[in-house]
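Reading through the structure tokens given below for one structure.
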Protein chains: 2
Amino acid sequence: MPRKPAALATSSASPTPSNGATLMNVAQAASVSLATASRVFSNPELVRQDTAERVLRAAGELGFRPNLLGAKLRAQRTRIVGVMLPTLENAVFAECWRGIEEAALAQGYSLMLVTSRYDPARERERIEYLLRHRVDGMVLTVADAARSAVLDQLDAERVPYVLAYNQGTRRGKHYWVSVDNRVSARAGVETLIAAGHRRIAVVSGAFAASDRAKQRYAGYQDAMRAHGLEPLPPLSLPAHTPTHTPEEAEHIRRLVTAPRGSTALFCTNDMLAIGVISILKRLGLSVPGDISVLGYDGIELGQLLEPPLSTVVQPNNEIGARALACLLARLNAAGADAAPDRGPPRATLLPHAIRAGATVGPPA
Amino acid sequence: MPRKPAALATSSASPTPSNGATLMNVAQAASVSLATASRVFSNPELVRQDTAERVLRAAGELGFRPNLLGAKLRAQRTRIVGVMLPTLENAVFAECWRGIEEAALAQGYSLMLVTSRYDPARERERIEYLLRHRVDGMVLTVADAARSAVLDQLDAERVPYVLAYNQGTRRGKHYWVSVDNRVSARAGVETLIAAGHRRIAVVSGAFAASDRAKQRYAGYQDAMRAHGLEPLPPLSLPAHTPTHTPEEAEHIRRLVTAPRGSTALFCTNDMLAIGVISILKRLGLSVPGDISVLGYDGIELGQLLEPPLSTVVQPNNEIGARALACLLARLNAAGADAAPDRGPPRATLLPHAIRAGATVGPPA
DNA sequence: GTGAAAGCGCTAACAA
DNA sequence: TTGTTAGCGCTTTCAC
């Protein structure tokens, strides 16, 4: 009967830890060729109903589980998307991940996540790692999209990628999904001005670690100038440490108590804002009674606090989901034909919102 | 139907999006056999110094990047570890992920992350997905380790896994890394008792979604009984919603204002504690002036708040790192020989700590 | 030390 | 509709 020279009667033991059955085993059990068995899973419409059923039944009985490795190697595409985010410990990115995972799941794509810690050296290393896995493309947030070594590398190697949060700078150079950082920051600061504040300061993470922070600062300057107010230089705090240092507290104290100290602080991200509010409280100041604080990001945690954080809201889930969708659109467009005009738009600008919260009030 | 020489045209340009060079190309450029070239990367000690250098140089010039897919398929092991966590939006798991990623990076292992959302159906689906990728093993946190369908499946298929946070229940059944939930919770509640509280209530997420919550509640009962106090039934709040519902607020109000209402609340996780504190404040109550609140988890965020959250601290980074290390130890032990006594211990109990914070004070 | 050869599990021409 | 046949890029005996 076995007119196959097949030397693959090895199925007694359990080769792979998970499960032994290969497509070949299934094909034999269903008395069809390997090709037909394959088609049942990848192109069911090419195979007759009852044949397909026989194969499926055999697969079920054998506990067959497709080995994606073989498929990927052969197909020269992995259907894996690499994701690089600065950290997950800032809820912004955790929320974004959720959007990405949801979208990938819906589209049958797999994900590989790495974190860069805002560290360019680590960015390079982690990207290399994703490349070795032959991801089809990437979704990433880099420190500074305009001067990023990894982005240059990716461009040189023609790896498709889409930026999340990084707002494209040079015209038409990158694909990106973001809110308008500058405009939205301006809108946020204008709520401060509308509340009566005139002396408004900015607290930010390191500009080098975040082009968004720079853009948001520019938005602050826009708002101030548009209202005839003088922008102040930003207070740059090092990456949010788990706990406050005395120096940080001292900086904040000076900012708000100097003669003519600021009455409102615009923090370029929510985690920072939460930390700043705590520092202010420890200094014996009330928020918003003595000082108003406005955040940026719109993480859900902000609403859990009391008073709830006033902040500029980005749609974090959606940023992730859209970035992934954009990438898949690129991948598909490239597959169909190489027409340069096909594929998704390079820029996806999502709307921001202002969440009123209760950490902003009139100046003391 | 168009013919297919187009494929050749594209492949001449750029075979793989990333890079074209295969190990075979490198071997030819270095005038060695494929086998030798391979050895340079996997078993350098088997090849002569100068040969190796030639190969390395050729690889550099060609911009060779090993295709892990080929290696994995051939070697029948992927060096990928699957990670399943309930969510990353709870900082506990984000911190744990950090530990896992660090440890994996150090050991040259890759990771594939999925989230289960505390949903058993989704757990199954996501596990299947990891299995298709032929991960060598898994690190996971399941809703309830004692009655988990996915764990049974994994056992049946002999896939090595290590639980993080889930504390092993049946003797010797699972491998796990955790603090002692019951003992640590008891210790936490005893700080409440030491502060003078007698009427202490528990606020928890759904027990069905977390065996940890159940164990921590048991610890609470232990503490109460040991001090001659009457344990109260837990107040179970649905999964932490982004914002508070009126019902939640009403439940909390009743808990603390009924005749002889509780003076302290033990929340079985930090996010819950943060939410509960906000609710109390909105009810016009002061923490810890009117009501004391104790959390559990020790997320870093807790220290950023004012007052800083009093909580039972788990070493989240280390739980992740240890879980991964334990898994790799299992994988290696299995590789060496199948001696049943080899390999890491099944249980890894990590020490907890109490972070005093400032949300616990004497009863009003 | 090095090379030749045989696949790992799967997909996709092409043929029947 | 189904089968045959080549590999995808790599590791790994086994000879030399």
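All chains are named by letter (A, B, ...) in the order of the sequence lines, taking the proteins before the strands, and each is independently numbered beginning at 1.
Remark: B:Leu34, B:Ala35 in residues 24-36 of chain B come within less than 4.0 Å of DNA chain D through at least one heavy atom. Across residues 38-55 of chain A, A:Ser38, A:Arg39 each have a non-hydrogen atom less than 4.0 Å from an atom of DNA chain C (numbered order).
Axis angle between the ends of the helix from C:dG1-D:dC16 to C:dA16-D:dT1, five pairs each and rounded to 10 degrees, works out to 30°.
One can place CG of A:Asn67 at 18 Å from P of D:dC8, the figure rounded to the nearest angstrom. Rounded to whole Å, the distance from CD on A:Gln76 to C1' on D:dC10 is 12 Å. With rounding to whole Å, B:Arg132 atom CZ is found 11 Å from C:dC10 atom P. Put simply, CZ on A:Arg79 is 15 Å from C1' on C:dC10, counting in whole angstrom units. To the nearest angstrom, P of D:dT11 lies 9 Å from CG of B:Leu68. When rounded to the nearest whole Å, the span between CZ of A:Arg74 and C1' of C:dC10 equals 8 Å. Rounded to whole Å, atom P of D:dC10 lies 21 Å from atom CZ of B:Arg134. Per the geometry, CG belonging to B:Leu23 stands 5 Å off P belonging to D:dC10, to the nearest Å.
A tilted orientation is assigned to the rings of A:Phe41 and A:Phe64, their planes being inclined by 30° to 60°. Note on ring orientation: taking the six-membered ring where Trp is involved, the planes of B:Phe93 and B:Tyr165 are perpendicular (angle over 60°, cut-offs 30° and 60°).
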Do any side-chain atoms of residues 318-328 of chain A form donor-acceptor pairs under 3.5 angstrom with protein atoms, and if so which ones, sequence neighbours left out?
residue: A:Glu318; atom: OE2; partner: A:Arg322; partner atom: NE; Å: 3.3
residue: A:Glu318; atom: OE2; partner: A:Arg322; partner atom: NH2; Å: 3.3

Atom pairs and distances, donor-acceptor, side-chain atoms in residues 28-38 of chain B, under 3.5 Å, two or more places apart:
residue: B:Ser33; atom: OG; partner: B:Ala35; partner atom: N; Å: 3.3
residue: B:Ser33; atom: OG; partner: B:Thr36; partner atom: N; Å: 3.2
residue: B:Ser33; atom: OG; partner: B:Thr36; partner atom: OG1; Å: 3.3

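Around atom CZ of B:Arg122, more than 12 heavy atoms belonging to other residues, nucleotides or ligands sit under 6.0 Å away.
With D:dC10, D:dG9, C:dC10 as the choices, the nucleotide that has an atom nearest any side-chain atom of B:Leu73 turns out to be D:dG9.
Closest heavy-atom contact between A:Asp136 and A:Arg79: OD2-N, 2.6 Å. The two residues B:His133 and B:Thr78 come nearest to each other via the heavy atoms O-CG2, 3.8 Å.
A salt bridge is defined here as a Lys NZ or Arg NE, NH1 or NH2 lying under 4.0 Å from an Asp or Glu carboxylate O, and B:Arg132 with B:Glu128 meets this definition. At a threshold of 4.0 Å, the pair A:Glu101-B:Arg126 counts as salt-bridged, since one of the basic side-chain nitrogens sits closer than that to a carboxylate oxygen.
Checked against side-chain hydrogen bond (donor to acceptor under 3.5 Å, both in side chains), A:Gln107 has no partners two or more places apart in sequence or in another chain.
Using a distance-only test at 3.5 Å, with no hydrogens or angles considered, a donor-acceptor pair links the side chain of B:Asp144 to the main chain of B:Ala146.
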